[in-house]
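Right, one structure below, let's go through it.
Fair warning: this is a prediction, and the values are worked out from it, not measured in the lab. Only this structure's heavy atoms are used, side chains among them; waters, hydrogens and symmetry mates stay out.
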Amino acid sequence: QVQLVESGGGLVQAGGSLRVSCAASGRTLSTYAMAWFRQAPGKEREFVASISSGGENAYYADSVKGRFTISRNNAKNTVSLQMNSLKPEDTAVYHCAASTTAPRWLTKGEIAYWGQGTQVTISS
């Protein structure tokens with residue numbers, strides 16, 4: 001099965017930028033739509049962004065649209081999320097995910113594989 005491992009989380013001040021990445025092993029990601037979800041303390045895991053298997057199409061939650069950019073490199077079997085203009089409310093554990101469904105606003109039930117997550121903390 002697919003193993004997803006996130007990296008790049010950390011602490012950054014509001015207004016700053018951070019890139020989180022996800023590396024896959026077990027099999028190629030080229031047949032999967034990929035997504036990022038996040039889970040803040042006391043809240044449910046929520047959709048952040050998704051990208052089609054070939055990287056042609058991307059979808060974003062309204063809360064991050066215009067600030068975050070999802071990308072993928074199928075040759076390296078990775079997917080990343082560039083986060084700019086960060087806000088304290090972006091603080092969460094960010095999880096990489098793989099889906100067999102079309103890229104769009106994805107629900108947790110549509111995810112086939114999850115990464116363990118990487119912590120992103122934004123200070124005021």
*Output yes when a side-chain donor or acceptor of Ser53 lies under 3.5 Å from a complementary backbone atom of Ala33, and no otherwise.*
no
*Say whether Phe68 and Ile51 are linked into one hydrophobic cluster, either directly or through other cluster members, by side-chain heavy-atom distances under 4.5 angstrom.*
yes
*Are the side chain of His95 and the backbone of Phe37 linked by a donor-acceptor contact shorter than 3.5 Å?*
no
Got a list of side-chain donor-acceptor pairs under 3.5 Å for residues 76-84, not counting sequence neighbours?
residue, atom, partner, partner atom, Å
Asn77, OD1, Leu29, N, 2.7
Asn77, ND2, Ala24, O, 3.3
Asn77, ND2, Arg27, O, 3.2
Ser80, OG, Arg19, NH1, 3.0
Ser80, OG, Ser71, OG, 2.8
Gln82, OE1, Arg19, NE, 3.1
Gln82, OE1, Arg19, NH2, 3.1
Gln82, NE2, Asn84, OD1, 3.0
Asn84, OD1, Ser17, OG, 2.8

*Locate the shortest heavy-atom distance separating Ile111 from Ser99; write the atom from each residue and the value.*
CD1-CB, 4.1 Å
_If you define the side chain from C-beta out and look only at heavy atoms, does anything of Trp114 sit under 4.5 Å from Lys108?_
yes
*asked:* What's the separation between atom OG in Ser123 and atom CD in Gln13, rounded to the nearest 0.5 Å?
replied: 5.0 Å
*If we only count heavy atoms from C-beta on, is the Val20 to Arg38 side-chain gap below 4.5 Å?*
no
*Give a yes or no answer on whether the side chain of Glu6 reaches the backbone of Cys96 with a donor-acceptor pair at less than 3.5 Å.*
yes
_Check ion pair Asp90-Lys87 (N to O, under 4.0 angstrom)_ = no
*May I ask you to decide if the ring planes of Phe47 and Trp105 are parallel, tilted or perpendicular, using 30° and 60° as cut-offs?*
tilted
_Backbone N/O of Gly54 and side chain of Asn74: donor-acceptor pair under 3.5 Å_ = no
*Check whether Ile70 and Val93 end up in the same hydrophobic cluster, where Ile, Leu, Val, Met, Phe, Trp and Tyr are linked by side-chain heavy atoms less than 4.5 Å apart.*
no
*Under 30°, 30 to 60°, or over 60°: which ring-plane class applies to Tyr32 and Tyr113, parallel, tilted or perpendicular?*
perpendicular
*Using a 4.5 Å cut-off on heavy atoms from C-beta on, say whether the side chain of Glu110 contacts that of Thr100.*
no
*Do the side-chain N and O atoms of Tyr59 and Arg104 include a donor-acceptor pair separated by under 3.5 angstrom?*
no
*Heavy atoms only: give me the nearest Gly10-Leu18 pair and the separation to one decimal.*
N-CD2, 3.8 Å
*For Thr118 and Gly9, which heavy atoms make the closest approach, and how far apart are they?*
OG1-N, 3.2 Å
*Can you tell if the side chain of Tyr60 reaches within under 4.5 Å of the side chain of Val48, non-hydrogen atoms only?*
no
_Single-linkage hydrophobic cluster, 4.5 Å side-chain cutoff, Met34 and Val5 together_ = no
*Ignoring hydrogens and angles, tell me if any N or O in the side chain of Thr91 forms a donor-acceptor pair with the backbone of Ile122 under 3.5 Å.*
yes
